[in-house]
Amino acid sequence: MTEVRMLGPGEGEITTDPEGTRSDRYLIDGALTGGGFALVEQVLAPHVLAAPVHLHTLEDEYSFVLEGRLGVLLGDEEVFADAGTLVFKPRGQWHTFWNAGDGTLRILEMIAPGGIEQLFRKLAEPGGEYDPETLPALAAQFGCEVDFEATMPVAERHQLIF
C-alpha cells in the first residue's frame with residue numbers, strides 16, 4: 001500500500017552552501033520515484049550564479065519560477081523568466097542559471113530522470129564547493145560536464161556572485 005507523502009512549507013531535507021547564498025530543499029527524491037524524477041526547491045540570493053556552465057547527459061531539467069527573476073543561459077541564448085514561467089533545459093545543452101533580480105529567487109527544479117539531486121547534496125558538503133580542480137571529476141560521476149572558462153563571461157556580464 002502506498003502512503004500519502006506530504007511536506008509542509010519549510011519541511012524536508014534542506015542543504016545550504018557555506019556562504020548561505022544557495023539552498024536546496026529536496027521535495028521528492030529520485031529514490032522515491034524509482035528514478036523517474038526528482039523535485040527540488042532552489043533558493044538563490046540576489047545576483048547569485050547557481051552553478052558553472054554545465055551540461056547533463058542523463059536528464060532534463062525544468063525550472064518553474066515561484067518568486068523573483070531567473071536568468072538562464074541556454075547554449076548561446078540568454079533568457080529571463082519571472083514568476084509563473086517554466087524554462088526547459090534539455091540534456092546535452094550547455095546551460096547555467098542565476099538570480100537576475102534584487103530579491104530572493106525561488107524555483108521548483110524538476111529533474112527527469114532523477115539522480116542528479118545527489119550531486120547537489122555532495123556540493124553542499126564540506127569540501128564540495130565549486131572548485132575548478134575537483135568539480136569536473138565529481139560532476140562526471142553524475143554524467144555532467146562543467147566549463148569554468150565559459151562561466152566567467154556570464155558572471156562578469158551580469159555581475160554575479162559565484
Side-chain angles (χ1 to χ4, degrees), residues 2-75 77-125 128 130 135 138-139 142-146 151 154-155 158 160-162:
T2 303
E3 294 183 25
V4 173
R5 177 174 166 82
M6 291 181 56
L7 288 176
E11 293 181 339
E13 178 190 356
I14 299 173
T15 59
T16 304
D17 71 332
E19 294 81 26
T21 59
R22 300 174 190 89
S23 69
D24 294 318
R25 180 165 72 118
Y26 304 91
L27 302 170
I28 301 174
D29 194 280
L32 293 173
T33 65
F37 75 98
L39 186 64
V40 179
E41 178 185 24
Q42 297 184 319
V43 179
L44 298 175
H47 309 287
V48 168
L49 184 69
V53 173
H54 61 283
L55 68 78
H56 308 270
T57 60
L58 304 175
E59 60 279 313
D60 299 314
E61 290 181 308
Y62 305 83
S63 299
F64 184 77
V65 182
L66 297 170
E67 174 186 348
R69 183 167 176 78
L70 173 69
V72 181
L73 174 70
L74 295 166
E77 186 178 357
E78 287 185 4
V79 297
F80 297 89
D82 294 310
T85 304
L86 178 71
V87 178
F88 173 48
K89 299 174 293 195
R91 70 188 78 192
Q93 184 174 45
W94 289 98
H95 66 279
T96 190
F97 62 97
W98 63 92
N99 182 339
D102 294 325
T104 299
L105 171 68
R106 288 180 49 239
I107 63 172
L108 283 179
E109 190 78 0
M110 184 173 155
I111 305 156
I116 192 98
E117 70 278 8
Q118 301 307 325
L119 174 59
F120 302 168
R121 285 184 171 103
K122 288 197 173 290
L123 290 170
E125 293 175 358
Y130 296 107
L135 183 57
L138 177 60
F142 295 88
C144 296
E145 298 177 41
V146 295
T151 301
V154 175
H158 295 286
L160 301 173
I161 301 164
F162 179 58

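Keep in mind it's a predicted model, so treat the numbers as computed, not measured.
Side-chain contact between L73 and E78 is present, with heavy atoms from C-beta onward closer than 4.5 Å. Contact annotation: the side chain of L74 approaches that of V87 to within less than 4.5 Å [non-hydrogen atoms, C-beta and beyond]. Side-chain contact between V65 and D82: absent, with no pair of heavy atoms (C-beta onward) separated by less than 4.5 Å. You'll find the side chain of L135 reaches within 4.5 Å of the side chain of P52, heavy atoms only. Proximity of L123 to D24: side-chain heavy atoms (C-beta onward) are nowhere separated by under 4.5 Å. The side-chain heavy atoms of V154 and L160, taken from C-beta on, include a pair separated by under 4.5 Å. Inter-residue side-chain proximity for F142 and H56 is flagged as unmet; no heavy-atom pair is nearer than 4.5 Å.
With K89 as the fixed residue, the salt bridge (charged side-chain N to carboxylate O under 4.0 Å, His left out) test singles out one of E77, E59, E109: E109.
Across all non-hydrogen atoms, the minimal contact from I14 to S23 is CG2-CB, 4.4 Å. Contact detail for L7 and L27: the closest heavy-atom pair is CD1-O, 3.4 Å. The nearest pair of heavy atoms linking G143 to L58 is CA-CD1, 4.1 Å. Minimum heavy-atom separation, L105 to W98: CD2-O, 3.8 Å. Contact detail for L44 and A50: the closest heavy-atom pair is CD1-CB, 3.8 Å. When all heavy atoms of A139 and L119 are compared, the pair lying nearest together is CA-CD2, 4.3 Å.
The 12-atom threshold is exceeded at CD of E19, counting heavy atoms of other residues, nucleotides or ligands nearer than 6.0 Å.
Interatomic distance, CE of M110 versus CZ of F64, reported as 13.0 Å (0.5 Å rounding). With rounding to the nearest 0.5 Å, the separation of NE2 in H47 from CD1 in I161 is 8.0 Å. To the nearest 0.5 Å, the span separating CG on D29 from CD on E13 amounts to 7.5 Å. The OG1 atom of T96 sits 12.0 Å away from atom CG of L55, with the distance rounded to the nearest 0.5 Å. Atoms OH and OG1, from Y26 and T15 in turn, are 3.0 Å apart once rounded to the nearest 0.5 Å. Note that CG of N99 is 12.0 Å distant from CD of Q42, once rounded to the nearest 0.5 Å.
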Verdict with reasoning, T85 to L70, per side chain to side chain contact (heavy atoms under 4.5 Å, CB included)
CA-CA 9 Å; T85 304; L70 173 69; over 6 Å; no

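Relative orientation of the H158 and F80 rings is perpendicular, given thresholds of 30° and 60° on the angle between their planes.
Among residues two or more places apart in sequence or in another chain, the ring-ring contact (aromatic ring centres under 6.0 Å, His included) test is passed with F120 by none. A search for side-chain contact (heavy atoms from CB on, under 4.5 Å) contacts involving R106 returns E41, V43, L66, E67, T104, not counting sequence neighbours.
One N or O on the side chain of E117 and one on the backbone of G115 form a donor-acceptor pair closer than 3.5 Å.
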